[in-house]
Amino acid sequence: MAKQRNYSKIAPGWWDYTTLDPDILNAAADLTADDLPGLARPGFSVAIYDTPQEFYAAEALEYIEAWLQATPERPAGICGPIGPVEQLPLVAQIVNAIGLDLRHAHFWGMDEWVVDGAAVPTTFPLSFEKADWDLCFGRIKPELRMPTENLHFPGIDVTPYVESWDKARCVIMQGGQGEVKHWAFNDPPRREGRFIDQPPPPEEYRKLGTRRVDLHPLTMTQNARTSGGGRVQEVPHQAMTVGPVETWKAECVSIWHRGFDDNPLGIRLSAYMISKRIPDTSVPMSLLADHPNVRFNYLRPGIGTCELKI
């Protein structure tokens, strides 16, 4: 029988990275910025950008990379996050500047908040669909913009969203990394039932598709910090999120670490676990160790250090 794992230092009723073997945490903390490119291996690449301009331009160009591949015979697109968002106005600017016709292009939103059992409308201040329209799609010239049926956002009835993943290639799934080491809202699970002593095995977690989820307390506090001025009471405790099933339909998963959404340890830890093939559902991002094509992208000034100091 496997040894019972440590309880979380953050939320004892949940799994998270603080339940890992300390040797893994310490090995990640010891990595310098210059060590990170050395974690690359076949199927996992690491890039570091020196300035915010380079970083967000490269992130925006992934949208263009995906949409340029869209044809009538093979429609194609990208799945994108809200966080970061700085790339979104650049996407619209590039599309307009080069006159890119998006009629065969697709976009999948990663998540949406849930309040009172329903996905929030675009009038909700924190709505992710609203942010996509305000920062990107609403800024693209109408004659270039893709048809609205090619824009896919997860709702309580997940069927239309799930089926859309088989109607076009997802060339790239782009994302950030939250403090709980999630992509989208694929948070660690609660510590209960069959999983009181050990978190679910990776192969079980990977069977999860688009669904409604309860959010880890760390995710709620992070979103209050990054989007709500600390007003955690305003942050919903549930969301709809794209699942691992859809993630593995994406030809590439590209994660962007600006040093704002997660801390210096976290942005090292997931890279270390993917590089060393240590998938563990207490660190959901580490499950990408088994995806065939993953990119990690860092903004150098945001990498920081894990030094202990006052």
Side-chain angles (χ1 to χ4, degrees), residues 33 36-37 40 43-71 74-111 128-129 131-146 150-152 168-177 183-184 242 246-247 249-262 267 270-271 274 285 288 291-303:
L36 292 172
F44 178 51
S45 61
V46 178
I48 297 181
Y49 298 89
D50 291 325
T51 69
Q53 292 84 354
E54 294 171 288
F55 181 84
Y56 292 118
E59 189 173 9
L61 286 169
E62 286 192 338
Y63 282 69
I64 309 305
E65 173 190 348
W67 289 340
L68 281 171
Q69 298 181 45
T71 66
R74 292 198 77 196
I78 185 170
C79 179
I82 297 300
V85 296
E86 287 81 355
Q87 76 280 7
L88 294 176
L90 298 177
V91 172
Q93 185 176 358
I94 296 168
V95 168
N96 291 336
I98 67 175
L100 181 59
D101 186 340
L102 300 179
R103 75 183 71 182
H104 304 299
H106 285 248
F107 174 80
W108 292 269
M110 299 189 90
D111 344 80
F128 296 141
E129 182 176 354
D132 277 315
W133 274 100
D134 288 351
L135 296 173
C136 184
F137 298 113
R139 302 185 184 203
I140 294 174
K141 295 176 182 178
E143 63 269 24
L144 298 176
R145 190 186 307 147
M146 68 274 289
N150 289 9
L151 293 167
H152 314 288
R169 295 168 56 212
C170 181
V171 179
I172 298 169
M173 176 181 283
Q174 189 182 90
Q177 176 174 304
W183 83 97
V242 67
E246 290 75 32
T247 300
K249 292 183 179 181
E251 295 171 9
C252 173
V253 179
S254 184
I255 305 298
W256 293 79
H257 300 289
R258 55 183 173 166
F260 180 66
D261 304 289
D262 197 7
I267 63 179
S270 54
I274 290 172
M285 190 71 78
L288 296 178
H291 191 283
N293 187 10
V294 177
R295 303 175 189 165
F296 267 26
N297 308 273
Y298 291 91
L299 176 60
R300 186 179 295 277
I303 294 173

Trainee: Can you find a pair of side-chain heavy atoms, one from Ile172 and one from Val253, that are under 4.5 Å apart?
Mentor: no
Trainee: Are any of the side-chain heavy atoms of Tyr49 and Trp256 separated by less than 4.5 Å?
Mentor: yes
Trainee: Taking Tyr298 for its side chain and Ile267 for its backbone only, find out whether a donor-acceptor pair lies under 3.5 Å.
Mentor: yes
Trainee: Enter the distance from Glu143:CD to Arg103:CZ here, rounded to the nearest 0.5 Å.
Mentor: 11.0 Å
Trainee: Would you check if Gln174 and Tyr63 make a side-chain contact, meaning some heavy-atom pair closer than 4.5 Å?
Mentor: yes
Trainee: May I ask you to test the Cys170-Lys249 pair for a side-chain heavy-atom distance under 4.5 Å?
Mentor: no
Trainee: Mark yes or no for whether Arg300, through its side chain, and Ile48, through its backbone, hold a donor-acceptor pair below 3.5 Å.
Mentor: no
Trainee: Is the centre of the Phe296 ring less than 6.0 Å from the centre of the His257 ring?
Mentor: yes
Trainee: Would you say Leu100 and Ile94 make side-chain contact, with heavy atoms under 4.5 Å?
Mentor: no
Trainee: Is there a donor-acceptor pair under 3.5 Å between the side chain of His152 and the backbone N or O of Cys79?
Mentor: no
Trainee: Quick one: does any side-chain atom of Asn96 pair with a main-chain N or O of Ala92 as donor and acceptor, under 3.5 Å?
Mentor: yes
Trainee: Please say whether more than 12 non-hydrogen atoms of neighbouring residues, nucleotides or ligands are located less than 6.0 Å from CD in Glu54.
Mentor: yes
Trainee: Could you give the distance from CE (Met173) to CD1 (Ile78), rounded to the nearest 0.5 Å?
Mentor: 10.0 Å
Trainee: Would you check if the side chain of Asp261 reaches a backbone N or O of Gln177 as a donor-acceptor pair within less than 3.5 Å?
Mentor: no
Trainee: Mind checking whether Val95 and Trp67 have side chains closer than 4.5 Å, heavy atoms only?
Mentor: yes
Trainee: Going from CZ on Arg295 to OG on Ser45, what distance comes out if it is rounded to the nearest 0.5 angstrom?
Mentor: 6.5 Å
Trainee: Could you go through the side-chain contact (heavy atoms from CB on, under 4.5 Å) check for Glu251 and Asn293 one step at a time?
Mentor: CA-CA 7 Å; Glu251 295 171 9; Asn293 187 10; 5.7 Å; no
Trainee: Can you tell me how far apart CH2 (Trp108) and CG (Leu151) are? Round to the nearest 0.5 Å.
Mentor: 10.5 Å
Trainee: Would you tell me whether Gln69 and Arg169 have side-chain atoms, one donor and one acceptor, within less than 3.5 Å of each other?
Mentor: yes
Trainee: Find the distance between CG (Leu90) and CD1 (Ile64) and round it off to the nearest 0.5 Å.
Mentor: 10.0 Å
Trainee: Go through the side-chain N and O atoms of Glu62 and Ser254 and say whether any donor and acceptor fall under 3.5 Å apart.
Mentor: yes
Trainee: Which pairs, with at least one residue in residues 132-141 and sequence neighbours excluded, count as a salt bridge (Lys or Arg N to Asp or Glu O under 4.0 Å)?
Mentor: Lys130-Asp134
Trainee: Mind listing the closest non-hydrogen atom pair of Gly175 and Pro81 along with its distance?
Mentor: CA-CG, 3.8 Å
Trainee: Under a 3.5 Å distance rule, please check whether Asn150 uses its side chain to pair with a backbone N or O of Ala105 as donor and acceptor.
Mentor: yes
Trainee: To the nearest 0.5 Å, tell me how far Ile140 CD1 sits from Gln93 CD.
Mentor: 12.0 Å
Trainee: Which pairs, with at least one residue in residues 83-98 and sequence neighbours excluded, count as a salt bridge (Lys or Arg N to Asp or Glu O under 4.0 Å)?
Mentor: Glu86-Arg258
Trainee: Among residues at least two apart in sequence or on other chains, which ones pass ring-ring contact (aromatic ring centres under 6.0 Å, His included) with Tyr56?
Mentor: none
Trainee: Find out whether His104 and Thr71 are in side-chain contact, i.e. whether some heavy atom of one side chain is under 4.5 Å from a heavy atom of the other.
Mentor: no
